[in-house]
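Comments concern the structure below.
Numbered from 1 within each chain, the chains take letters A, B, ... in sequence-line order.
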Amino acid sequence: MIDKIKSRLRSELEVKLSSVYNQEINVVVEEPKTTNLGDISIPVFSIVKAVNKPLSEVVDVVIEALEQSQVYEWFKEVNRVGGFINLTFDRLVFAKEVINEAANVTSFKYEIGKDKTVCIDYSSPNIAKPFSVGHLRSTIIGHAIGNIMEKLGYKVVRINHLGDFGTQFGKIIYAYLNFGDRAKVDENPIEELVKLYVEFHELAKESPEIEDKAREIFKELELGNPEYNKLWEHFREVSLEEYMKVYKMLDVHFDSYNGEAFYNDKMQAVVDELTLKGLLKKDEGAMIVDLGEDMPPALIQKSDGSTLYITRDLAALFYRKNTYDFDEVLYVVGNEQKLHFEQLKAVVKKMGYDFYQDIHHINFGLVLQDGKKMSTRKGKIVKLEDVLKEASGLSLAYINDKNPDLANKEEVSEKIGVSAIIFNDLKNYRTNDVEFNLEDMVNFVGQTGPYLQYTSVRISSVLEENEYDDKKIDFELFMTDHSFDLIKTIAQYEEILIKAKNEYSPSVLAKYLLNLASYFNTFYAKEKIMVSDKIERNTKLTLISIIRNILDEGMKLLGMQVIRRM
RNA sequence: GACUCGGUAGCUCAGCAGGAUAGAGCAACGGCCUUCUAAGCCGUCGGUCGGGGGUUCGAAUCCCUUCCGAGUCGCCA
């Protein structure tokens with residue numbers, strides 16, 4: 001709501017001032033850093049410069065224009081401080097409007113994404129590798145972006161583009177056939193397959209020729225070798241079983257699990273089209289698309305004729321365009337693949353398709369260990385499952401300490417633990433690299449998931465015992481600073497969701513929820529809610545119920561679990 | 001070496017379509033539970049916004065340069 005007021009103020013002032021000065025005027029309308037200066041402020045320096053008139057004169061003119069504005073009734077005070085015009089809301093008018101609108105804020109249907117489809121490619125783990133804390137980022141960032149866009153009215157297609165193809169399978173199959181132990185693999189599939197993968201790379205250091213063997217095996221797999229195919233299918237199946245367990249824990253779901261292998265029979269069409277359009281060029285035995293000076297060429301086909309990652313991604317992209325007719329396609333994939341997606345876009349552009357503009361790489365920072373990228377090849381990975389268990393266990397210890405009589409302790413502690421891990425990842429801007437730090441991940445104090453859940457639970461325990469009528473409210477009670485902070489924050493919810501979507505960054509929502517929770521906890525410390533005065537109680541219960549609605553919906557959008565007691 | 005991203009309080013991070021004294025959390029220290037969940041609240045301490053130039057009435061924010069860290073740079077994904 002504040003955004004709406006700001007933009008209306010801005011456009012009205014621009015029209016008015018442009019006609020006064022007979023030239024185009026740009027007006028800046030912002031919120032001051034500190035609230036004691038007011039709620040909205042207008043710095044006039046740029047106008048002074050544009051019209052070349054004395055500052056005080058310009059301020060007079062702007063204030064006059066302001067007084068004629070449609071939104072002037074929202075304000076109670078207008079102060080001039082140097083080159084700033086500071087406006088203070090009429091808290092009563094503002095609070096009424098916000099509370100009336102907020103009653104249905106969480107059930108509100110947004111129109112922004114109406115009739116628009118977005119495909120989101122996320123999680124996409126590589127088969128035969130454990131689900132690591134690295135995969136977690138893509139999974140929960142993608143999931144949260146999907147939720148937020150759905151809330152804004154988009155039709156969201158969630159795609160888990162499994163990494164179930166590629167030379168790595170040549171490596172694993174080679175290792176399995178040469179030094180694998182069937183019984184061990186059957187017993188503990190992923191763990192053993194990773195061991196084989198790591199062993200392969202150790203061996204390859206001394207005998208690099210096995211890399212060629214692996215490539216050969218992959219080529220034959222691609223061509224349909226039945227023995228290899230059977231192994232591949234088996235590896236895929238056992239891996240997927242493992243991943244489904246993790247998805248269940250995280251409460252993440254997908255509309256499609258079509259991985260890279262799904263496109264095996266759809267790549268020739270891409271190669272043909274590239275050839276037909278004269279974009280393919282033979283270079284050092286491989287087929288490439290030249291992308292000019294500022295980008296390395298895209299390798300479409302290896303010299304042995306087998307395909308590469310980008311070939312499969314192109315096939316997948318066209319398949320998605322044809323199948324879902326998306327307006328946007330998002331790839332939630334790490335920073336290190338930036339070049340790959342730039343190349344993908346460039347190739348699509350060269351092919352003459354405008355929708356290259358709708359391809360967005362939602363990049364995110366790496367999970368580092370000792371300042372370096374984690375590497376499966378060197379066996380340096382942390383399993384997500386272990387981290388989730390650690391967090392849940394710690395959460396249980398908290399409950400036993402603070403609320404030992406709680407029912408369903410295990411269930412609740414798992415919800416707290418998993419949500420803590422999720423929130424810890426989402427609270428920071430996605431492109432930042434993060435150093436793996438278990439202690440941070442399972443921290444339950446301060447700006448954390450449990451803090452949000454705890455805040456919601458506090459509200460719940462008050463609401464549970466009380467009926468209230470949201471029509472019988474005394475808006476005068478919202479005049480105090482600690483109440484009005486909450487009113488203003490509630491008023492920001494919609495624009496926060498839009499900002500989170502525009503920046504494809506769940507952290508915007510995460511930070512907002514922390515802010516809301518923090519204001520609530522201040523309020524809670526200062527005010528008694530279950531007071532005897534009926535109207536006052538009613539007013540406070542209405543307010544905190546709105547806060548809980550937003551907190552709960554916000555947490556759900558982030559992929560966290562909402563609980564009632566803890 | 002080239003390119004990309006980052007460097008803000010001891011630690012983790014906000015702020016960056018330029019705007020008024022740079023904000024949170026953690027840690028440290030000091031308060032607050034006979035009253036709605038203290039996983040909370042209040043206060044204190046803590047910053048040459050990596051360094052140096054420049055543009056501007058005004059720079060953490062824009063430009064240049066330099067240092068540091070990470071990532072990527074043709075037959076992995």
Side-chain angles (χ1 to χ4, degrees), chain A residues 28 30 32-34 37 41 43 45-46 48-49 55 81-84 86 124 126 163 165-168 170-171 211 214-215 218 260 283-288 294-304 306-310 312-313 333-340 342 363 365-366 368 371-373 376-377 395 398-399 401-403 406 416 420 424 427-429 431-435 437 440 443-455 457-466 507-508 511 514-515 517-518 520-531 540 544 565-566:
Chain A
V28 177
E30 57 191 20
K33 296 251 153 84
T34 46
L37 291 167
S41 89
F45 307 100
S46 59
V48 169
K49 200 175 178 190
L55 191 137
V81 184
F84 292 91
N86 295 330
S124 312
N126 287 332
F165 223 53
T167 311
Q168 52 176 333
K171 293 176 182 175
E211 297 261 9
R215 274 191 278 270
F218 171 61
E260 295 188 62
D283 197 281
E284 295 172 32
M287 300 304 279
I288 63 160
D294 25 280
M295 224 185 280
L299 259 115
I300 302 294
Q301 216 166 37
K302 298 190 224 171
S303 34
D304 67 2
S306 66
T307 60
L308 286 146
Y309 182 41
I310 197 165
R312 293 189 283 275
D313 251 359
V333 180
N335 273 340
E336 76 268 37
Q337 292 193 34
K338 201 159 194 267
L339 179 62
H340 167 74
E342 278 167 13
N363 59 327
L366 270 37
L368 306 176
K372 302 278 181 205
K373 189 180 166 182
T376 314
R377 294 184 181 192
S395 168
Y398 262 85
I399 292 174
D401 179 35
K402 294 175 187 290
N403 194 3
L406 184 72
I416 295 170
N424 179 259
K427 74 178 175 188
N428 293 331
Y429 187 61
T431 64
N432 296 348
D433 284 347
V434 291
E435 175 72 30
N437 184 334
D440 276 357
N443 178 22
F444 293 171
V445 176
Q447 299 172 330
T448 63
Y451 178 76
L452 296 181
Q453 287 171 320
Y454 178 72
T455 306
V457 162
R458 277 182 134 182
I459 297 174
S460 292
S461 71
V462 179
L463 287 178
E464 249 175 42
E465 297 168 32
N466 289 278
S507 67
V508 171
K511 299 270 190 205
L514 285 175
N515 205 19
S518 166
F520 168 76
N521 283 315
T522 299
F523 176 86
Y524 186 85
K526 288 193 175 169
E527 302 261 358
K528 188 164 168 58
I529 293 162
M530 291 208 249
V531 290
K540 288 175 172 173
I544 67 171
R565 287 172 190 280
M566 66 191 274

Less than 4.0 angstrom between a side-chain N/O of A:Lys49 and OP1 or OP2 of B:U56, yes or no? no
Check this one for me: any side-chain N or O of A:Lys511 less than 4.0 Å away from OP1 or OP2 of B:A14? no
Within the structure, does a side-chain N or O atom of A:Asn515 lie under 4.0 Å from either OP1 or OP2 of B:A14? no
Side-chain N or O of A:Arg458 less than 4.0 angstrom from OP1 or OP2 on B:A38? yes
Can you tell me if the side-chain N/O atoms of A:Arg215 get under 4.0 Å from OP1 or OP2 in B:C75? no
5' priority, RNA chain B, between A:Ala517 and A:Lys302 [closest heavy atom]: A:Ala517
Quick check: any donor-acceptor pair below 3.5 Å linking the side-chain of A:Asp283 to the base of B:G74? yes
On RNA chain B, does the nearest nucleotide to A:Pro296 precede the nearest nucleotide to A:Asn86 from the 5' side, or the other way round? Give the residue. A:Asn86
Taking any heavy-atom pair under 4.0 Å as a contact, classify A:Glu464: base, sugar-phosphate, or nothing. nothing
Would you say a side-chain N or O of A:Ser518 is under 4.0 Å from OP1 or OP2 of B:A24? no
Base of B:C75 paired with side chain of A:Ser303 (donor-acceptor, under 3.5 Å): yes
B:A39, OP1 or OP2 - any side-chain N/O from A:Tyr454 closer than 4.0 Å? yes
Counting just side-chain N and O atoms, does A:Thr522 come under 4.0 Å of either OP1 or OP2 of B:C42? yes
Phosphate OP1/OP2 of B:C41: any A:Tyr451 side-chain N/O under 4.0 Å: yes
Are A:Tyr398 and the base of B:A39 stacked, counting only ring centres nearer than 5.5 Å and planes tilted under 30°? yes
Ring stacking, A:Phe84 with base of B:G19, under 5.5 Å and under 30°? no
Atom of A:Ser41, atom of A:Asn86 and distance for their closest heavy-atom approach: CB-OD1, 3.0 Å
Under 3.5 Å, is there any donor-acceptor pair linking the side chain of A:Ser41 to the base of B:A20? yes
Give me the distance, rounded to whole Å, that separates B:C63 from B:U21 when you measure between the P atoms they each carry. 24 Å
